[in-house]
Structures are given as structure tokens and as C-alpha cells.
Amino acid sequence: MSDERQVFQRPHALLPVVTNYCPGCTHGIAERLVAETLDELDVEGKCIGIAPVGCSVTSYDFFGCDMIEAAHGRAPAVATGVKRSLPDHVVFAYQGDGDLASIGMAETVHAATRGENITIIFINNAIYGMTGGQMAPTSLPMQVTQTSPYGRDLETAGYPIRVCELLSTLDGVAYLERVCLDSPKNIRKAKKAIKHAFQNQVDGVGYSLVEIVSTCPTNWKMTPEAAFEWMRENMLPYYPLGVYKDVQAEGFANAAEAAAARAKGCPLAESASSKGGE
């Protein structure tokens, strides 16, 4: 017995309560990875999470850090206010695709382009989960949902929004990566991405978002196993995994430095960058 040691345990930042997520949903895995990161960075005591509307609405019951409830889509705005008021705290928003990419798209884009030094964990399961399975901005072409019973019609509903690709064009963004949680290997990659996003905030690098391609067996009307297979066959080709922006990997200290390099040759922009560095 003396040779035995515990190698796996609940993160301190994850409360010992039963979650209410559906069988096969990856929210529980994602939240555990966030909690592990808070433990490893030792920031739980000065961390504030934002839980908006959606399946993530009950996140305040599961994390041990301070949590704030936000109106639907407004998590980035609330996170901005908290971070500016308490710049020494670690602030993150935990959002679904309907929340982040639909009603909250303006808040998402503007927090990103301002370069707010916050961390966003974005769950993309291609559907509105909590409210009954309606079509989301990320729903795939011809995907059947409660509000697209014949499949998403591109002529009337337009094309799905690829959030990482969209935000990668903005100068205020420091780090974007898309991951998934369908295997131990991919879970480890997702953990690395989440930790990197939080470390960026601690180091003052800038706005970071990790997009997690996920399943929704209940609203997809599939078994968990079938949902993972459907995700691999349909979502991953449309939403390829990988890093979409990382200013440090490009050789810059932070998003502002990368933006200044991109604006080189524009007198007004150069003067603004010079003033900001004083």
C-alpha cells in the first residue's frame, strides 16, 4: 500500500457537485480542463468567470472561483468591465455558439478588436442547446434543426460562421485555436490550448479564444457514440482544428506589438503605436 499514489483527482477549482449536462455532452470535459488550468496556474483565488445564457448558464454551480451571470450574448462586455476594474484578476467567459456568434456577435467582435486581455472558452456544437435545438450561426449547410426541419437553406439562412477564421483578421487578437474533445489525444491538445490562452492573459499578451468543437446528442437526436461520429464526419471538415493566430509564435511579445508591425507604413497608425508604448 505504501507504493500507491493518487495520480488523478478532482481539480480544486471544480466543485464536488453533480453536473446537469446530458449524457455524451462535452461541457463537463471542457469545464474540467478549465478548472485544471486554474489549479496549475494558481489563479483560482483571483479568477472571475462569466456565465451567460445557454447550456453554460449553470457554470457558476461548478467552478470554485467567483462567477458572474451575464445577459444572453453579453459575456465579453461583462468580462471587459470586470477586467478593466480588476486588471490583476484573471477573467474568462464560457460561451456557447448561439450566445457568442449570434446575439453576442457584436460583443465578441468588438472585445476582440479592442484587444481586451481576457480569455474566451467557446463551445461550438452547431446548434442552440438549452433552448430546444434551433439553428445556430454555426449550424452546417443542410443540417436539420428545430427551426430548419428541411436542413439549413443557404439561400435564405446564409453560410455558417467560422469564428476562429473571422476573428483572426482582427489586430487586437493574440491567440486563437480550434480543438475538440473526442479522444484522449485531442483532450490533451485542448488542455494545452486552454492553458496557453489563460497564460496569455496572465502575461498580458492579449485577447485569447479557444474554440471547442463539440457534440449535442440530445438535440441532434443521436446516441453519444453516433454524435461523435457525426461530428468527425461533418463538423471537423467544415471547422478544421488547429491554431489560427498566435502572435507569440510569430515573434511578437503581444497583440499590440503585432498590430504595430502590421500597420507599418501608415503614419497615423505608427504615431498611435508610438504613443501607446510611452
Side-chain angles (χ1 to χ4, degrees), residues 19-34 54-56 94-102 105 108 120-169 175-194 196-197 209-246:
T19 66
N20 58 345
Y21 297 127
C22 300
C25 172
T26 56
H27 269 295
I29 302 174
E31 291 186 351
R32 180 188 173 88
L33 298 183
V34 171
C55 291
S56 61
Y94 186 88
Q95 301 180 258
D97 46 358
D99 179 81
L100 181 144
S102 182
M105 178 55 88
T108 294
I120 308 294
I121 305 301
F122 166 44
I123 307 298
N124 174 9
N125 56 16
I127 207 165
Y128 276 85
M130 184 194 73
T131 53
Q134 299 92 334
M135 184 179 69
T138 52
S139 295
L140 296 174
M142 295 309 298
Q143 182 176 346
V144 173
T145 73
Q146 288 287 354
T147 51
S148 59
Y150 302 106
R152 179 176 185 149
D153 184 351
L154 298 181
E155 290 187 6
T156 57
Y159 292 88
I161 295 174
R162 294 181 173 98
V163 171
C164 280
E165 289 86 335
L166 174 69
L167 298 183
S168 67
T169 66
Y175 175 64
L176 299 165
E177 184 167 357
R178 183 180 289 134
V179 299
C180 72
L181 303 171
D182 66 330
S183 67
K185 178 181 178 180
N186 281 334
I187 290 172
R188 287 192 293 271
K189 287 183 178 180
K191 167 66 179 301
K192 184 178 179 180
I194 290 170
H196 185 47
L209 178 146
V210 176
E211 176 178 350
I212 303 175
V213 181
S214 303
T215 60
C216 186
T218 296
N219 287 303
W220 290 359
K221 304 185 188 309
M222 299 178 186
T223 65
E225 293 85 353
F228 273 119
E229 191 60 32
W230 190 91
M231 180 197 74
R232 296 185 192 102
E233 291 181 356
N234 295 281
M235 291 189 70
L236 296 189
Y238 205 91
Y239 298 109
L241 306 181
V243 177
Y244 283 81
K245 190 169 187 178
D246 187 348

So, do [X] and [Y] sit near enough that their side-chain heavy atoms are less than 4.5 Å apart?
X    : Y    : answer
Y239 : L140 : yes
F122 : L167 : no
M222 : F228 : no
M105 : I161 : yes
V163 : L176 : no
L241 : C180 : yes
P141 : P160 : yes
V210 : H196 : no

Self-check item: Y21 vs E31, side chain to side chain donor-acceptor pair (under 3.5 Å): CA-CA, chis, key distance, verdict
Solution: CA-CA 11 Å; Y21 297 127; E31 291 186 351; 2.6 Å; yes
Could you tell me which non-hydrogen atom of [X] sits nearest to which non-hydrogen atom of [Y], and how far apart they are?
X    : Y    : answer
D246 : V243 : CB-CG1, 3.9 Å
S168 : Y244 : CB-O, 3.9 Å
A30  : Y94  : CB-OH, 3.5 Å
L209 : C164 : CD2-SG, 4.2 Å
A136 : A126 : CB-C, 4.2 Å
C55  : G129 : SG-C, 3.8 Å

Can you tell me if [X] uses its side chain to pair, donor with acceptor, with the backbone of [Y] under 3.5 Å?
X    : Y    : value
T215 : P224 : no
T223 : A226 : yes
T108 : L100 : yes
S214 : C25  : no
S102 : P137 : no

Exercise. For M142, check side-chain contact (heavy atoms from CB on, under 4.5 Å) against everything at least two apart and list the hits.
Key: none
Practice problem: Taking side-chain contact (heavy atoms from CB on, under 4.5 Å) as the test, write out the residues that go with A190, two or more places apart. | Solution: L33, V179, L181
Can you tell me how far [atom2] of [Y] sits from [atom1] of [X], rounded to the nearest 0.5 angstrom?
X    : Y    : atom1 : atom2 : result
C216 : H27  : SG    : NE2   : 8.0 Å
I121 : E211 : CD1   : CD    : 11.5 Å
I187 : I194 : CD1   : CD1   : 10.5 Å
M130 : D99  : CE    : CG    : 9.5 Å

Quiz prompt | Pair Q146-N219, side chain to side chain contact (heavy atoms under 4.5 Å, CB included): steps then yes or no | solution = CA-CA 9 Å; Q146 288 287 354; N219 287 303; 5.7 Å; no
Quiz item: Which residue pairs pass the salt bridge (Lys or Arg N to Asp or Glu O under 4.0 Å) test when at least one of the two sits in residues 140-169, sequence neighbours left out?
Solution: E165-R178
Quiz item: Which pairs, with at least one residue in residues 215-238 and sequence neighbours excluded, count as a salt bridge (Lys or Arg N to Asp or Glu O under 4.0 Å)?
Solution: D182-R232, E229-R232
Quiz item: How would you list, by chain and number, every residue that makes a side-chain hydrogen bond (donor to acceptor under 3.5 Å, both in side chains) with T218, sequence neighbours excluded?
Solution: none
Quiz item: What ring pair (Phe, Tyr, Trp, His ring centres under 6.0 Å) pairs are there with at least one residue in residues 125-161, not counting sequence neighbours?
Solution: none
Practice problem: Sort out for me which residue in D97, I212, V213 forms a side-chain contact (heavy atoms from CB on, under 4.5 Å) with N125. | Solution: D97
